[in-house]
Number of protein chains: 2
Amino acid sequence: MPPIDQTADRARAMLDAFGRANVMAAECPSRALLQHLTSRWGVLVMAALATGTHRFAQLRRRIGGVSERMLAQTLQQLERDGFVHRHDHGEVPPRVDYALTPLGQQAAGHIVSLVGWLEDSLPAILEAQAAGATASPDRSARASA
Amino acid sequence: MPPIDQTADRARAMLDAFGRANVMAAECPSRALLQHLTSRWGVLVMAALATGTHRFAQLRRRIGGVSERMLAQTLQQLERDGFVHRHDHGEVPPRVDYALTPLGQQAAGHIVSLVGWLEDSLPAILEAQAAGATASPDRSARASA
DNA sequence: CTTCATACTAACATTCATGTGGGTACTTAC
DNA sequence: GTAAGTACCCACATGAATGTTAGTATGAAG
């Protein structure tokens with residue numbers, strides 16, 4: 001094997017830094033965006049908002065396990081990225097609505113399809129895990145040899 | 001507003017814990033799976049493997065910024081979950097191939113569509129961010145009032 | 001009058017994720 | 001002989017992520 005492989009990989013990363021976005025390149029802005037969308041709470045917020053406008057407390061109840069701090073932080077992040085729109089009614093007691101922007105709706109579409117697939121396939125996945133677990137006794141093969 | 005809203009939210013989470021998977025429920029197994037798939041390196045590994053079988057070092061070069069430790073850890077996680085298949089040729093020097101399982105291919109499909117959309121939409125997203133940043137001078141509205 | 005709810009922020013504590021450096025057993029290239 | 005490549009693991013250290021608690025101004029419900 002010539003070093004062509006390695007060189008090609010590096011060249012590809014370089015090229016993409018220019019004209020086209022590439023999440024595989026660490027410095028590409030798309031990498032950060034992806035991480036926000038796929039962050040622990042980011043995915044769930046996007047999925048929740050995909051079903052329509054929500055208020056803060058409503059999201060908090062909907063998404064099991066989020067703390068106020070994390071929800072607020074995640075929403076701000078997604079707002080900065082342009083995926084979520086925040087509408088403050090300026091009333092008191094506070095009333096704020098969160099909704100997806102057009103871009104957010106597109107992103108959310110892909111996210112819900114992943115999440116939906118996961119939920120639908122859970123049984124199959126758990127089966128596969130169980131089957132795989134019993135069929136992999138070669139974990140210590142190297143140590144014993 | 002009656003407390004029906006809150007009760008309904010809780011009831012929904014409870015219900016889903018039984019028959020149907022729901023990522024919104026913190027204890028649902030699907031939540032953990034989702035986090036593995038959408039983890040910092042998990043998404044990228046899945047996306048990389050979606051283009052075919054790779055060797056360890058090949059993945060490491062492809063995915064900008066991964067350390068060996070994280071790549072190994074991520075691959076093991078995905079293998080345990082049943083999304084990735086590891087084939088050790090048992091040769092020396094070591095030679096190990098990583099590929100997606102059928103389930104992994106399905107999951108990867110959704111992931112690449114998200115990633116692909118992100119890469120294609122990056123310009124539009126950056127524009128939206130810039131536009132939104134200039135149009136939101138009401139950050140200190142509450143403090144000044 | 002007390003409590004709860006709203007939508008947060010700030011400070012502090014902690015846990016988890018991640019990076020770093022070193023090591024293994026062996027082969028190939030220089 | 002020396003350096004590099006392979007596919008990792010282990011111990012240690014650090015930083016980022018997350019949780020916890022307290023607090024704000026106000027209205028509605030009990």
Side-chain angles (χ1 to χ4, degrees), chain A residues 1-7 9-10 26 31-32 35-36 38-45 53-77 79 84 86-98 138-145, chain B residues 1-7 9-10 26 31-32 35-36 38-45 53-77 79 84 86-98 138-145:
Chain A
M1 292 179 196
I4 295 175
D5 175 50
Q6 183 176 348
T7 308
D9 281 349
R10 205 157 299 176
R31 175 73 74 90
Q35 296 203 10
H36 297 166
T38 62
S39 70
R40 180 167 185 190
W41 305 115
V43 212
L44 299 176
V45 166
T53 298
H54 283 67
R55 293 184 58 178
F56 186 87
Q58 214 173 356
L59 280 173
R60 178 147 157 62
R61 282 190 296 268
R62 181 104 192 265
I63 302 173
V66 228
S67 62
E68 293 192 353
R69 182 173 169 1
M70 277 302 106
L71 181 56
Q73 205 166 106
T74 302
L75 283 168
Q76 287 168 6
Q77 182 89 80
E79 193 194 352
V84 165
R86 175 191 138 104
H87 180 51
D88 188 338
H89 293 234
E91 300 172 4
V92 65
R95 177 185 177 82
V96 181
D97 288 335
Y98 289 95
D138 44 37
R139 184 54 64 103
S140 53
R142 206 182 291 271
S144 61
Chain B
M1 292 179 194
I4 295 174
D5 175 49
Q6 182 177 349
T7 309
D9 281 348
R10 205 156 299 176
R31 174 74 73 91
Q35 298 204 7
H36 298 166
T38 63
S39 69
R40 180 168 185 189
W41 304 115
V43 211
L44 300 176
V45 166
T53 299
H54 284 67
R55 292 184 60 177
F56 186 87
Q58 214 173 356
L59 280 172
R60 179 147 157 60
R61 282 190 294 267
R62 180 104 191 264
I63 302 173
V66 228
S67 61
E68 293 191 354
R69 183 175 170 359
M70 279 302 106
L71 181 56
Q73 204 167 107
T74 303
L75 284 168
Q76 287 169 6
Q77 181 90 78
E79 193 194 352
V84 166
R86 178 190 135 105
H87 179 52
D88 188 339
H89 294 235
E91 301 172 2
V92 65
R95 178 186 176 80
V96 180
D97 287 335
Y98 289 94
D138 45 34
R139 185 53 65 101
S140 53
R142 208 182 288 273
S144 60

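The chains referred to below are lettered A, B, ... by the order of the sequence lines, with proteins before strands, and numbering in each begins at 1. Model, not experiment: these values are computed from the prediction.
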Practice task
Check the distance between C:dA7's C1' and A:R62's CZ and give it to me in whole angstrom.
Solution key: 20 Å

Completion exercise
In whole angstroms, the gap separating P of D:dC8 from CG of B:L71 amounts to 9 Å

Exercise for the section: Report the distance from atom CZ of B:R60 to atom P of C:dT18, rounded to the nearest whole Å. Expected result: 15 Å

Problem - Inter-residue atom distance A:W41.CH2 - A:I63.CD1, 0.5 Å rounding - result: 8.0 Å

Problem - Residue among A:R86, A:Q58, A:H89, A:H54 satisfying side chain to side chain contact (heavy atoms under 4.5 Å, CB included) with A:D97 - result: A:H89

Problem - For atom CD1 of B:I63 and atom C1' of C:dT18, their distance in whole Å - result: 15 Å

Exercise for the section: Return the value, rounded to whole Å, for the distance between atom NE2 of A:H89 and atom C1' of C:dA5. Expected result: 16 Å

Problem - Nearest heavy-atom neighbours spanning B:A26 and A:G64 - result: CB-O, 3.6 Å

Practice task
Would you indicate whether the side-chain heavy atoms of A:L71 and A:L59 approach each other to under 4.5 Å?
Solution key: yes

Fill in the blank from the handout: Atom CG of A:L75 and atom C1' of C:dA7 are separated, to the nearest Å, by 11 Å

Dump every N/O contact between nucleotides 24-30 of chain D and the protein below 3.5 Å, one line per pair.
none

Practice task
Could you tell me the separation between the CZ atom of A:R40 and the CD atom of B:Q35, rounded to the nearest 0.5 Å?
Solution key: 5.0 Å

Problem - Short side-chain N/O contact to D:dT6 OP1/OP2 from B:Q58, under 4.0 Å - result: no

Exercise for the section: Hey, could you give me the CG/OH distance between A:L75 and A:Y98, rounded to the nearest 0.5 Å? Expected result: 5.0 Å

Exercise for the section: Can you tell me the distance, in whole Å, between the CD atom of B:E68 and the C1' atom of C:dG23? Expected result: 12 Å

Exercise for the section: Would you check if the side chain of B:R55 reaches a backbone N or O of B:R95 as a donor-acceptor pair within less than 3.5 Å? Expected result: no

Handout entry: Value in whole Å for how far the P atom of D:dA7 lies from CD of B:E91
Key = 10 Å

Handout entry: Phosphate OP1/OP2 of D:dG5 contacted by B:R61 side-chain N/O (<4.0 Å)
Key = no

Handout entry: For B:T38, all residues meeting side chain to side chain contact (heavy atoms under 4.5 Å, CB included), sequence neighbours excluded
Key = A:T38, A:V43, A:L114, B:L34

Is there any protein nitrogen or oxygen under 3.5 Å from a nitrogen or oxygen in nucleotides 10-19 of chain D, and what are the pairs?
{"unit_1": "D:dT18", "atom_1": "O4", "unit_2": "A:R69", "atom_2": "NH2", "d": "3.1"}
{"unit_1": "D:dG19", "atom_1": "OP2", "unit_2": "A:S67", "atom_2": "OG", "d": "3.0"}
{"unit_1": "D:dG19", "atom_1": "N7", "unit_2": "A:R69", "atom_2": "NE", "d": "3.3"}
{"unit_1": "D:dG19", "atom_1": "O6", "unit_2": "A:R69", "atom_2": "NE", "d": "2.8"}
{"unit_1": "D:dG19", "atom_1": "O6", "unit_2": "A:R69", "atom_2": "NH2", "d": "3.4"}

